[in-house]
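Here's the structure, in structure tokens; my notes come after.
FYI, side chains are in, hydrogens and waters are out, and symmetry mates aren't considered; it's all heavy atoms of this structure.
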Amino acid sequence: MTDHKSDPNRVDEATGTHLVGHEWDGIEELDTPLPRWWVYIFVACVVFAAGYVVVYPSFPDTAGTSGWSSRGDLDQMLKAETAARAPKLNAVAATPIEALAENPQLMRIAIEGGRAAFKVNCVQCHGAGAAGSKGYPNLNDDDWLWGGDIASIQTTLIHGIRSPGVDETRFSQMPAFADILTKAQIDQVVSHVRVISGQDQPSRAATAGAALYAENCASCHGDAGKGNREMGAPNLTDAIWLYGGDRASLTQTIAKARYGVMPHWSNRLDAVTIKMLAAYVHSLGGGEANPASIDAAAPETAAAATGETDVRS
């Protein structure tokens, strides 16, 4: 770069513009004045920016002379939305959960509210489509450990499953049979379970396992392996498995036991949101009808209703 500051009055012959005195490889810089329209716009922008800083919040912990803030604007929007939703939520809150289905419009409101709550609180374990994964139940099927009617689902949400510190939580405890049975005996029980679940054909091992099952497992899962909802014992005769129905998974379950935990939501979500979550889960496809009420004055009807109760778990 060559500096021609010694001759500040030099003028470019082609344009008649003064040169600033700098040269790069024979190329010299012109001292061309800025267009006036550009200067006016620049000055206007500077003035506008100075005014904006005064009127609107531009620095931390400053509100501006207008008193407006994006946070305050959001708060107003949320308050307006809450006020608009209040009548619907109050209607859901005032309706017993078993009676929601009697009002289709109210049920739709509850389901949509539950859908939104599910996306925020439940997808981490049960998945976006509620199909679950190993150790996390699929909420779309009709297999329920503790009951699939809408009130039972609500109870599970409120109290959780094996949720620490909650007296009313759903609780079951399967013993680890590695301390009770030998490895060969556990393998025989696995063979029996795979037979009653339709995965294997009867065998000597399965026959021996049936006797072991009757001594150690039937008290919870039932003589036929259909499960027991009062204990949260799963149905062993269908094709739905929480941890897997292959030999390795069943061996692990019987030998070491399982202890999945679902948190109780009563300390995180309000009662209306829990009710809407129950409605949404119930609507996914596997929800069961409300259990028939038993009239103590009509023992025959009560017995019939009890006999028809679905015990799938």
Side-chain angles (χ1 to χ4, degrees), residues 1-89 108-140 261-263 265 267-270 272-274 276-277 280-281 283-285:
M1 182 181 76
T2 303
D3 195 342
H4 295 284
K5 289 183 178 180
S6 58
D7 188 5
N9 296 320
R10 294 176 63 242
V11 177
D12 178 55
E13 296 180 359
T15 61
T17 305
H18 282 83
L19 300 166
V20 297
H22 301 153
E23 177 186 335
W24 294 269
D25 296 332
I27 301 174
E28 294 188 72
E29 182 181 357
L30 300 178
D31 188 15
T32 305
L34 293 171
R36 288 191 177 183
W37 63 268
W38 189 95
V39 174
Y40 294 152
I41 291 177
F42 176 77
V43 172
C45 289
V46 171
V47 173
F48 175 81
Y52 192 95
V53 169
V54 173
V55 176
Y56 292 98
S58 304
F59 297 100
D61 301 323
T62 59
T65 58
S66 68
W68 180 93
S69 70
S70 57
R71 181 173 297 179
D73 196 35
L74 175 62
D75 288 342
Q76 291 180 3
M77 293 173 61
L78 290 176
K79 289 178 181 178
E81 181 64 21
T82 300
R85 295 175 56 192
K88 299 176 182 178
L89 295 179
R108 284 195 299 271
I109 292 171
I111 289 173
E112 290 307 314
R115 190 194 310 276
F118 186 91
K119 291 178 180 178
V120 175
N121 300 282
C122 310
V123 297
Q124 296 85 346
C125 293
H126 294 284
S133 60
K134 187 173 183 178
Y136 300 98
N138 181 352
L139 304 178
N140 297 290
V261 174
M262 172 184 166
W265 291 97
N267 65 334
R268 307 185 192 188
L269 302 176
D270 59 82
V272 179
T273 301
I274 290 176
M276 293 191 297
L277 260 176
Y280 172 68
V281 172
S283 73
L284 290 175

Ser283 OG to Glu112 CD distance, which is reported to the nearest 0.5 Å:
8.5 Å
Distance-minimising heavy-atom pair for Ala130 and Leu284
CB-CD1, 3.6 Å
Enter the distance from Leu19:CG to Asp31:CG here, rounded to the nearest 0.5 Å.
8.5 Å
Can you name the nearest heavy-atom pair linking Ser133 to Cys125, along with the distance?
OG-O, 4.2 Å
Indicate the ring-plane relationship of Phe118 and His126, choosing parallel, tilted or perpendicular according to the 30° and 60° boundaries.
tilted
Measure the CD-OG distance between Gln76 and Ser69 for me, rounded to the nearest 0.5 Å.
8.5 Å
How close do Pro87 and Ala84 get, heavy atom to heavy atom, and via which atoms?
CD-O, 3.4 Å
Quick one: sort the His22 and Trp24 rings into parallel, tilted or perpendicular, breaks at 30° and 60°.
perpendicular
At their closest point, which heavy atom of Ala110 faces which heavy atom of Met276, and how far apart are they?
O-CB, 3.2 Å
Checking side chain to side chain contact (heavy atoms under 4.5 Å, CB included) against Trp265, which of Thr273, Asp270, Leu277, Ile274 comes through?
Ile274
Straight-line distance of Arg108 CZ to Arg115 CZ, nearest 0.5 Å:
12.5 Å
Can any side-chain N or O of Asp12 pair as donor or acceptor with the backbone N or O of Glu28 at less than 3.5 Å?
no
Output yes when a side-chain donor or acceptor of Ser66 lies under 3.5 Å from a complementary backbone atom of Val55, and no otherwise.
yes
Tell me the closest heavy-atom pair linking Ala63 and Pro57, and the distance in Å.
O-CD, 3.3 Å
